[in-house]
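Let me begin by presenting the structure, written as structure tokens, before commenting on it.
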Amino acid sequence: MFGNAIQRVISRFKNPQKVVNLCFIFVFLFSTVLTWREAVVLEGAYVANQRNSLDSVATLLDRQLQHSIDNLLFYRNAMLYALQSPISTDRTRKSLADFDTLRSQPFWQLRLDLNRSLPMSGVSDEFVHESPLLDRDEKTLHSELSSALELSYIMRLSDRSGTMPQRMFYASRSGFFLTNTPPANDPGIVSLYYRLIARPYFSSQSQQNNPQRALKWTHTFNPDTASGQIVTASVPLDFNGRWYGVLALDYPINSLHSFLQQAKYDDHEGTVLLYDNELNPIASSLGELPTHSLFTAPQLAQIANVVTSAKQGAQGEIRMDSRFITWAKLSNFDGLLIKVHTLEEGVQGEFGRISIVLSVLWLLFTLMLFASWIVIRHLVTNMFSLQQTLSWRANYDTLTRLYNRGAFFEMARKLSQECEQQGLPFSVIQMDLDLFKSINDRFGHSSGDKVLIHAAAMLSDAFRTGDIAGRVGGEEFCIVLPDTSLEEATKVAERIRVRINSKELLLKQGNTVRISASFGVSSAAEFSDYDFERLQTYADHRLYKAKQGGRNQVCNHD
């Protein structure tokens, strides 16, 4: 049973057209899988390239921010050290005496050294008493002032040549401030100090709002800047349980724009944007923020859903409509960088060009494969048709379309052997057309061919399932009837004789002829012999006996 199943499977591939189709389908699928595999590798390389590109920008920005934060923490440590170990000099004592004289004025400035320190600016006692956030503690006031004056030396000597310009300042709750961009000693000091303490960074550093006393980032509106917004990093100054004030760094938006442009100089694809922790845009590598938002509210929600649970320094990517989004959470900033790479930029870029070349090569290969399939299939079809024609001509008689002598004898032997093995009856009919030579002589060979064709058609119509017939001579035919006794074979022969003799055949215009045939029948049972050639010889002898007995009859005995 298993062998028969294998044979059935193999038999399906005997049709060469199916073999050709399967081969070409296999080649097409194989080439498509290879192309798909290359596309997957290329996609992975593209994703890695986009991540690396954004990672380089994030690393540079984190490094710059870390440098600034380190400076900010250094200034705080300097202030704490000065508060812990105050230094009293003649200049310090003179400056503190000047403060005691000027503290009631609406605005004032103190300076230890015109060349080596920054001026310290402040407001009156009355201004301080009116604000709930401010407090001039007389016990710590002079100590804080002297510490701030020492800090003015350090701030004056600090390097401000960084890649991102920023403003460093100290805003005290005692009504004064110190900045590396000092104002003139004019009424503008009051409004400047008010704006410093009114901004969210200041109140966010209260002990209630920042119990951990950690560094905080704020992104707020600032009317003093051209962009109308500013980013601030701030740390509180606490000593002996008292909140003295806030040390902070302001980053102008223009400097962030410039930094992103420079950091992305070598990568001309995509747009890098800096967002705060609420996904509000801050800066862009385009030099300015786009006039319209790059993301809709649902898209921003999708980004927020992905990045909210991510740790600082994490990276990832999102496919959004026709854009590829790469994001990186900064380690030293409460926000993230996003790189937007559009489909158009992807097509024009290096990976896009490689993808197009890969697609074109696959398309060309597929077209060539399809053209080859058509040509080869056409050739195979012609060869198969030719093979079938040659095979048919090798096995069939072209005139009567019955088996020729060689093919018929071969099949008859096989059938006789099968019947012998199975113990079934087996019979042979030998048939010859009566007076066929006279038809050729009277009407010509073309008319004789018509008679042969007519006789073969009558034979075919009288066949049963399993019977076979062949032309074994000029006008001689032989019929093999497996699983058929002598009596049944005789009836079949009689039926054929009647059918042939019952019709007149029109040979030429006005000339009709009624043909007849003589039959000899033999059976394996009567001779206990299944040899087909001997049975055919017995049937041939009986055929001639039928002719001698007057023709147009069936003979089944000696």
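What you are looking at is a predicted structure, and each value in this text was computed from that prediction instead of being measured.
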Identify every side-chain donor-acceptor pair in residues 235-247 under 3.5 Å, counting partners at least two apart or on other chains, and give the distances.
residue, atom, partner, partner atom, Å
Asp238, OD1, Arg213, NH2, 3.1
Asp238, OD2, Arg213, NE, 2.9
Asp238, OD2, Arg213, NH2, 3.1
Arg242, NE, Thr140, OG1, 3.3
Arg242, NH1, Asp135, OD2, 3.1
Arg242, NH2, Asp135, O, 2.9
Trp243, NE1, Gly245, O, 3.0

Contacts of type ring-ring contact (aromatic ring centres under 6.0 Å, His included), residue [X], not counting sequence neighbours:
X: Phe176; result: none
X: Phe333; result: Trp217
X: Phe295; result: none

Does anything in residues 359-372 pair up under salt bridge (Lys or Arg N to Asp or Glu O under 4.0 Å), and if so which pairs, sequence neighbours excluded?
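Passing the test, one end in residues 359-372: no pairs.
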Who pairs with [X] by side chain to side chain donor-acceptor pair (under 3.5 Å), at least two apart in sequence or on another chain?
X: Gln207; result: none
X: Arg76; result: none
X: Arg319; result: Glu43
X: Ser372; result: none

Suppose the criterion is ring-ring contact (aromatic ring centres under 6.0 Å, His included): which pairs have a residue in residues 83-120, not counting sequence neighbours?
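Passing the test, one end in residues 83-120: Phe99-Trp108.
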Quick test of your reading: applying side chain to side chain donor-acceptor pair (under 3.5 Å), list the pairs with at least one residue in residues 118-127, sequence neighbours left out, ordered by first then second residue.
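Pairs touching residues 118-127 that pass the test: Arg103-Asp125, Gln109-Ser121, Asp125-Arg136.
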How would you list all residue pairs meeting side chain to side chain donor-acceptor pair (under 3.5 Å) that involve residues 357-369, not counting sequence neighbours?
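Passing the test, one end in residues 357-369: Thr32-Trp362.
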